[in-house]
Each structure stands twice: as C-alpha cells, then as structure tokens.
Amino acid sequence: MDLKYDPRAIEAKWQKYWQESGIFKVTEDPEKEKYYLLEMFPYPSGKIHMGHVRNYTIGDVVGRYKRMKGFNVLHPMGWDAFGMPAENAAIANNIHPASWTYENIAYMRKQLKQLGFSYDWDRELATCTPEYYRWEQWLFLKMYEKGMAYRKESFVNWCEPCQTVLANEQVEAGMCWRCGKAVRQKKLWQWFFRITDYADDLLLHCDQLPGWPEKVTTMQKNWIGKSAGAEIRFAVEDSPEMITVFTTRPDTLFGATFMCLAPEHPLVTELSKGKKEEKAVAGFVERMSMQDRSAKALESYEKEGVFTGACCINPASGRKMPVYTANFALMEYGTGAVMSVPAHDQRDFEFAQKYGMEIIVVVRPEDKDLDVSAMTEAYAEPGIMVNSGQFDGMENETAKEEIISFLESREQGKKTVSFRLRDWGISRQRYWGAPIPVIHCESCGIVPVPEKDLPILLPEDADILEGGRSPLPYIDYFSKTDCPRCGRTDARRETDTMDTFVESSWYFDRYCSPGCDSGMFDRKAVDYWMPVDQYIGGVEHAILHLLYSRYFTRVLHDLGLIDCKEPFTRLLTQGMVCKETTSCPEHGFLFPSQVKWQEGNPACTLCDSPVTVGRVEKMSKSKKNVIDPNALLEEYGADTTRLFCLFAAPPERDLEWSDQGVDGSFRFLNRIWRLTADWLDDIRNVAPYNDAPENLDDSLRELYRKIHETIRKVGNDIEDRFRFNTAISAVMELINLMYGVEKENKSAHTDAVMRLGIESAVILLAPMVPHFSEEIRAELGYRESILLAPWPEYREDALVKDELTIVVQVNGKLRSRFDIRADADEETIKEKALADEKVQKFIEGKKLRKVIVARGKLVNIVV
RNA sequence: GCCUGGGUGGCGGAAUAGGUAGACGCAAGGGACUUAAAAUCCCUCGGGCCUUAGUGCCCGUACGAGUUCAAUUCUCGUCCCGGGCACCA
C-alpha cells in the first residue's frame, strides 16, 4: 500500500472502473424494491458551482446508501437546457444559443463525472432536443383538446425602444436593463394552463405529503390561498351596469361606503366616459400602466385612487357609494373590484381618511361601542353587529351566513370561494424555448398542429435579433404555413415558445424511459419507477417548480397516462452555500484568489490596499465570494470536496465555506489512510472479528462496542435524518479511538477487531467518499466493488454495557456521579445516590422532599 | 405588511424521548519527533471566583417571564438576522 494518499490517481481509476463496469445502469426489476432518487437538474450555465456540488453530493450519498441497502436505485441526471441565459450569452458573445448550451453541457458533464456521482448516464436528457420537446408539444395538444390550455389577454413588460418583452429580472427600477428606458405594461394574447382547476386538489393534498418539509407545504398552501366569502353585485346609478365584488367579509356590507376598481377594470373607462372626471381617470390609468406590478414594488407605492364620476348602490343599506379606481385593487384577484369598508379594514380606513370618505361602524367589540370620531385604526376583530338593520345584535360570524342568504334570496349575491392562485401563463415571446404547436388561420382561427406533424422544430439556423427580440416571427419558413384544416396558404404559425417550467414539470417521468419514441414515456417504466421517492433541491423552488410539477402529474393522471398523482414522496430542501465577501476600496469585490495575507492582514493583490472582510453571504458571481470546484478537485480531489460539503453543516441549513475546514476534511482521510497502512500487514490475512464480546479484554471490548455503536449511528443518521455531519463525526470518533490501540500490547483478538474497525469505518464512509473507500477496501483484499458490499449491521450484544454512569443532581444541579451495574434497580441506584459523599454535603440536615430516578441516567434529589 | 426559517464557545456545529450543555472539526496555545522546517503524534482550550487550585463554587444556549424535580429543548412576550412574496379585499 502506498504510504501517501493520492486522490488524483485513485479517483480517476475508480471513475473509469464504474463507467466501464456499467454498475450504475439500472432497469426495471420487479424482484427488487425500487428507489427513485432525484436531484433537481441544472441549467447548463457554463460550469458547476458549489451549490450544485452540495446538492448532488447529498443526493449521491443517499443513492449509494440505498443501493448498498439492496434497493434498485434510479439516479438520473440531465439538463434544463432552454432559457434566457443562452440568449443573453448569444448576444454578448455572438454565439448561437444552441452551441453555447451544448458546449456547457459537455463541460459540466465532465465535471460531474470528476465528482464521482453515481448517475445512470444512459438516461441523460437535455430538454432542448426535439426528442424531448416533441412530447411536450404532444401534451400541449392533449391539454388544448381538454380545454386545459387556452388563450387570453394579459400584460407583459414591454420596452418600446428595444421592441421586446422583458422578464421581471430584466426590469431594473422600472427601466429596461438594456437601454435604460421606461418599461410599460402591454396587453398581449397569451397561452395559459388552467392550473386553477386543480387548486382545491393541490391544496388538499398539501396535508398528505408527510415527507415534505412543513415549511414548503405551508408556503404552497399560502400561495394557493383559498378563502371563503361571497360575490356581491352592486347596481351602478343611472346605468344598466353591475359591479361584482368578492369579499371575505359579507358581514360588513352595511359598512361599505365606497367602491374601488382595479385600474385595468373594464368599467373604469366606461363609467367615467363623458364625465368631467374622464380625463383625470384616463391619466391615472395610464400612469398605473407604467408601474411595476410586482408585489414588492406595489408594497412601496402609496395607496391612491381617483373618483370615476359614478356611484353604485349598496344592496343592503341602499346607500350611494362613490366608485373609485385605486392602485391597490388587483384585476387578478377576485373580480378586480373591492367593496371598501373603512371601519373594518385598515387599508380602506387609510384610504377613507385620505379622501374624506364616510366611515360607518357595523361590528363592535362585545364589551363596548366604537366611536367613529375616536377611531385611529380599523376594527378587524370579531364582534356584534350594529347599524345593520335586521342583523343587529348577531355575532358577526353568524351574520356572514345570514347576509349571504339575504343576498341570495334577492339574487344580489352568492356564497363563493376565491383562490389567490392564478392560471399559469406559459407564453414566452422568446426564441430559445419549445415552440407552441398551434397555427393561426384567418378562416379557422386557432388550429392545433396535427399530431403527425410533430415535432415543430425550433429553427436552429436563426440568430437572436437586436434588443433580444425573438427571430421566430421573421423566419418565413417557420412562421408562414398552410392551415391544416382549410388549406389556406397564408396561415401563421404561433411564434411564442413555452415557459421553461413546462420542461421541468415532467422530466422526472421522462427519465424512466428517456429514449422512448412512441410517447412521453413508456407506461410500464413510469409505473414501476414513479413517484420519485426522494427529491432534493434548493428551497428557491419551494413554490413554482414544485407546484407546477404536482399540477402536471395530475393532468397526466387524468389523461390516463400515469398512475400516481403526487410526483415527489419525500422532499429535502438544502440550504445555500455561503462565504464571506472581500472587497478593496479601489477594485470593489475581490475573488478569494485576489486576496493575499500581509503581516496577518488581508490585502488586495492588485493594489496592496487593505481588504475589508464583509458579511457571510450566498456565493454569487456578482459578489465574487465564490469557490471554483475545479480548483478543489485539483488540490484535494472529489472525496475531500464531498466530505467537507457534508460535514460542515446539516443539509437543510446554509453552509459556510471554510478553506481550513476543507483542509481538515483532507487530514481526516489521510488519517484513515495512515492507520490502514500502519496496520495492513497485521490485518491483511485476518478475518474481521465477529464473535461475542465476552471473549475480549476490556479495552478491546470497548473498541468493539464503539465499532457497533458507530455502525448504528451512521445508519440512523443517514436513513432517518440525513445528518451526514454527525455521521462523519461518529466515524471520526471511531478512528480517534483506534489511533490509541498500541501494537506492543496486542492480545489474541487485537488484529481481528482492528480489521473490523477499519473495514467498518471505510464501508460507512463509502457513500460519502466512494473512491477512497473503494481503494482501501481493495487494499484489504476485496476484489468486488464496495458498492456490492451489503451495508453493515450492528450486533446488539456488542452494545451491551455492564456498568452505567449515573449522574446525581441536588435541586437540579449536578453534584456527583458514580458507576453502577447496568441491571441495578431503581431503589439501589437511589440508595447509592443518597449515600454518596459529595451528595451528603448538600443534603445534610435538610429535609428530603423528592427523589427522581431517570432511566439509567440520572438521579435528582430535591431538598 | 404577510408568509417562512434561524440566534449555542474565537469559528462551523453537537445534544435523536424535557435528564451530564459544548460531541466532532477548525482556529489558537503548549509539548514530542527533527540539525531545522513541513508533515505527523500527544495535551490544553466557554466566562468568572478562590490564603483549600479542587472529585471546588458561581454564571452561561439572543433577551424577559412562565410550566417542571429538571428547559438549548415546551408555552407566552420582546429584540436581532436570513429567505420568499402576486396589497389575499
């Protein structure tokens, strides 16, 4: 055995062996229990970053562990390959999005292989290939048939100078990131998926996902946002129009004193037409269309509105209510109209004060009356009805039902529920995405592409136009086509492409039979593998990606294509990889390699200025606080890199990068290596000890127990808790103990127990540092891959202790401890504790009030 | 504003059923080996107190209360930090 641990030689050797032996290839095997392990596939952005390394390392440990436990493990990898960065790179570097993407894939695949991940590479897929997206187009057609895909008008961020649609992240403070000019909202006809049809079902099953972090299901529930209430219709004065509102507080109807419509509400323009307010209203609507509509932006705007010139009639009180249009009313939620009850809604209260609107109290606290003139805020609590006609005196919760019945009987409203969730807009006016397979015909309207014409290929000989515009509408051979229904020769192909979340909503199904060319997937394969048993990825996908995938799985289920309804049985959301930032007054943020140490202080390598060490933040290119995995692989190898990612923090928490910590992980592997090298001659031809512990002397017996305790702990930590950090520290303790074994005083079984110890340590670490473990196991004389070795089981009899240490507290404070036979009964333990010399000092002359004995651990004496 | 995590030594973290706070690692200090250094191995390592230096006492898990024989762990309140968000009518 080489005396020095040389990861580079070892890792290349075993990676080659795994690849050539095809050991990670799997097929459906009804004899074995399946385990589908999946990590979120990466966007091929250029190279692997530490977030990927962490995510995929965690997954790999689980995959290798389950494999050793005898499961048939499906562990695939692929590429989420459509998307905007490819277009941006194309513009910046004058390279085609396709070549950019495929080059990145090739490079990143190589990096993943260097990290030793146990993927079945035969199942690799890239979503930008026609073999993949043709089935997405096929599904679109099925969804269109069912009315699950439809078109409606909605808004996009539009940059006039660039003549292009912008993503939210391309809008910076209301301005276009490219030209810096103001962005406005433009209405376009776009494609949607009817996810709201499944809102109730998606919500209901949030409580049936016990393997998901509660935080994620809670976020999903809040996102779907079901609320019960009523729709109420208000007649508009001097007009045949009605305004319909949704409210969760029908009980406060008598207190509604004005109405607010969203600026985009169709009635806004109509109601103000020909009135003196018309100009002001039009100006307001125009101004609002310029505003950024994201939640955070809206948050910062002051609440404002203008009078439309029209009034409506409160169906309960008969009161005249002025109709306003206001920036806080959202067209997307409810009906786009809000009945405003200033006495019982804080936002309405503020709005009423600002514009001098009437405030009427209709719910009072049980113990007092509310005086409008003395109110400083709205009263939103439950209470007793007042000023509400026949409903006075009721509890407001009862009044909710009563008022709804009252409205229903007069056909002025009805009970209803509303969801916060909106339909999924999938249209993107972009090039690098899957074409939506429909044709627009002057005679026939929307005509779906016939199935036999799929796939609609994305032309790959086109270039992104100036300003980032999609070339698709300008490519004649693509966009000009014949109508498949009537044959008209002037039809136009749809040039919107699909949101990339569509690809990631079914890739896990495709992995089950990635080469399938007769459908989205092979039914037998998908029924065998799905659902995913363990899904692992960043918490940033907690809502959208996971919700869309759950939705797609339901759609596939209801189309009769798949058995399961929930795609992911267990979910692990891992934390971010963070590092402190470093910056120089002259050069701004610095990469770690741009910082040198001068007399114990950090300095800039470019200008020698002292460097400021900033907060620990998520690694990001813009802050330059990044570590390049390549450099780590070069210096320490894959096993050390993996080990540190696992050891530094539990998976769901953020991980703080530490160069010295990496060094420590490397030292640990070296320590095992040396221990093995040191003992190899003694243990090479010895069988690992596997007898009763009684035949061992005290210190060996202690080691034997430690070995089995470690086996138990590592298994539990991986299996139940994904606590790789504590699993590793348990093995460290075992190694530390073995370092204390002296060869000089060897007894009959020393070699056998040492062999067991080393063998166990290595096998327990095999999922985490696979190359290292394979190598040592080979040195110990095994011919087969460690992957084929069964996961070790602990012996109960080795864990048994003759003596237990009991600690003694007096009034809850630790005062003494003693050892006692493990089979001693409670009374004996109690007596021994009371008789203890140190304990005596504290209880002498005092009255014993209580003595508590806790299961073989502790005695607490209360005096 | 709403939702959601989190606060434990110089640092990352541990404490799995309310029962010995600080496992393991990093950093630091000391020692051994060496001509020397590196590497390695061993020891110390939360704070304070003491004319008994100990198998000693007190304090200590963001802060303040509470429940309990016993709280890092459970309850309530406060402060601070991170993440998400589409004004939830």
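None of these values were measured; they are calculated from a predicted model. Below, chains carry the letters A, B, ... as their sequence lines are ordered, and counting in each starts from 1.
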J.: Quick one: are Val323(A) and Phe258(A) in side-chain contact, heavy atoms under 4.5 Å?
T.: no
J.: Can you tell me if Thr805(A) and Asp819(A) form a side-chain donor-acceptor pair at under 3.5 Å?
T.: yes
J.: Look at Arg653(A) and G82(B) and indicate whether a side-chain polar atom (N or O) is within less than 4.0 Å of OP1 or OP2.
T.: no
J.: Going by atom type alone, with no hydrogens or angles, which donor-acceptor pairs under 3.5 Å involve a side-chain atom of residues 721-729 of chain A and a protein atom two or more places apart or on another chain?
T.:
unit_1, atom_1, unit_2, atom_2, d
Arg721(A), NH2, Asp717(A), OD1, 3.4
Thr726(A), OG1, Asp717(A), OD2, 2.8
Thr726(A), OG1, Arg723(A), O, 3.1
Ser729(A), OG, Thr726(A), O, 3.0

J.: Would you state whether a donor and an acceptor, one from the side chain of Arg422(A) and one from the base of A86(B), lie under 3.5 Å apart?
T.: yes
J.: Paired stems touching RNA chain B, three or more consecutive Watson-Crick or G-U pairs with both distances under 3.5 Å?
T.: B:1-7 with B:79-85, B:10-12 with B:24-26, B:28-32 with B:40-44, B:46-49 with B:56-59, B:62-66 with B:74-78
J.: For Lys813(A) and for Leu421(A), locate the closest nucleotide of RNA chain B by heavy-atom distance; then report the residue assigned to the nucleotide nearer the 5' terminus.
T.: Lys813(A)
J.: Can the ring centres of Tyr324(A) and Phe351(A) be said to be less than 6.0 Å apart?
T.: yes
J.: Pairs of donor and acceptor atoms involving the side chains of residues 224-234 of chain A, under 3.5 Å and at least two apart or interchain, shall be tabulated with distances.
T.:
unit_1, atom_1, unit_2, atom_2, d
Lys226(A), NZ, Asp200(A), OD1, 2.7
Ser227(A), OG, Tyr333(A), OH, 3.1

J.: Between Asp717(A) and Ala854(A), who's closer to the 5' end of RNA chain B by nearest nucleotide?
T.: Asp717(A)
J.: Keeping to residues at least two apart or across chains, list the side chain to side chain donor-acceptor pair (under 3.5 Å) pairs with something in residues 643-662 of chain A.
T.: Trp657(A)-Asp659(A)
J.: Taking protein heavy atoms under 4.0 Å as touching, what does nucleotides 67-76 of chain B look like 5' to 3' if B marks base contact, S marks sugar-phosphate-only contact and - marks none?
T.: --BS------
J.: Using side-chain contact (heavy atoms from CB on, under 4.5 Å) as the criterion, point out the one residue from Val808(A), Val863(A), Val810(A), Ile861(A) that pairs with Phe842(A).
T.: Val810(A)
J.: May I ask you to verify if any side-chain N or O of Arg723(A) is less than 4.0 angstrom from the OP1 or OP2 atom of A14(B)?
T.: yes
J.: Going by a 90° cut-off around 0, is G9(B) syn or anti?
T.: syn
J.: Which of these nucleotides, G25(B), G13(B), U4(B), is closest to any side-chain atom of Phe647(A)?
T.: G25(B)
J.: Is Lys4(A) close enough and on-axis enough to Trp673(A), meaning under 6.0 Å and within 45°, for cation-pi?
T.: no
J.: Where do N or O atoms of nucleotides 40-44 of chain B meet protein N or O atoms at under 3.5 Å, pair by pair?
T.:
unit_1, atom_1, unit_2, atom_2, d
U40(B), O3', Arg674(A), NH2, 3.1
C41(B), OP1, Arg671(A), NH1, 2.7
C41(B), OP1, Arg674(A), NH2, 3.2

J.: Taking the six-membered ring for Trp and the single ring otherwise, decide whether the centroids of Phe192(A) and Trp424(A) are under 6.0 Å apart.
T.: no
J.: Measure the acute angle between the ring planes of His541(A) and His545(A), then classify it against the limits of 30° and 60° as parallel, tilted or perpendicular.
T.: perpendicular
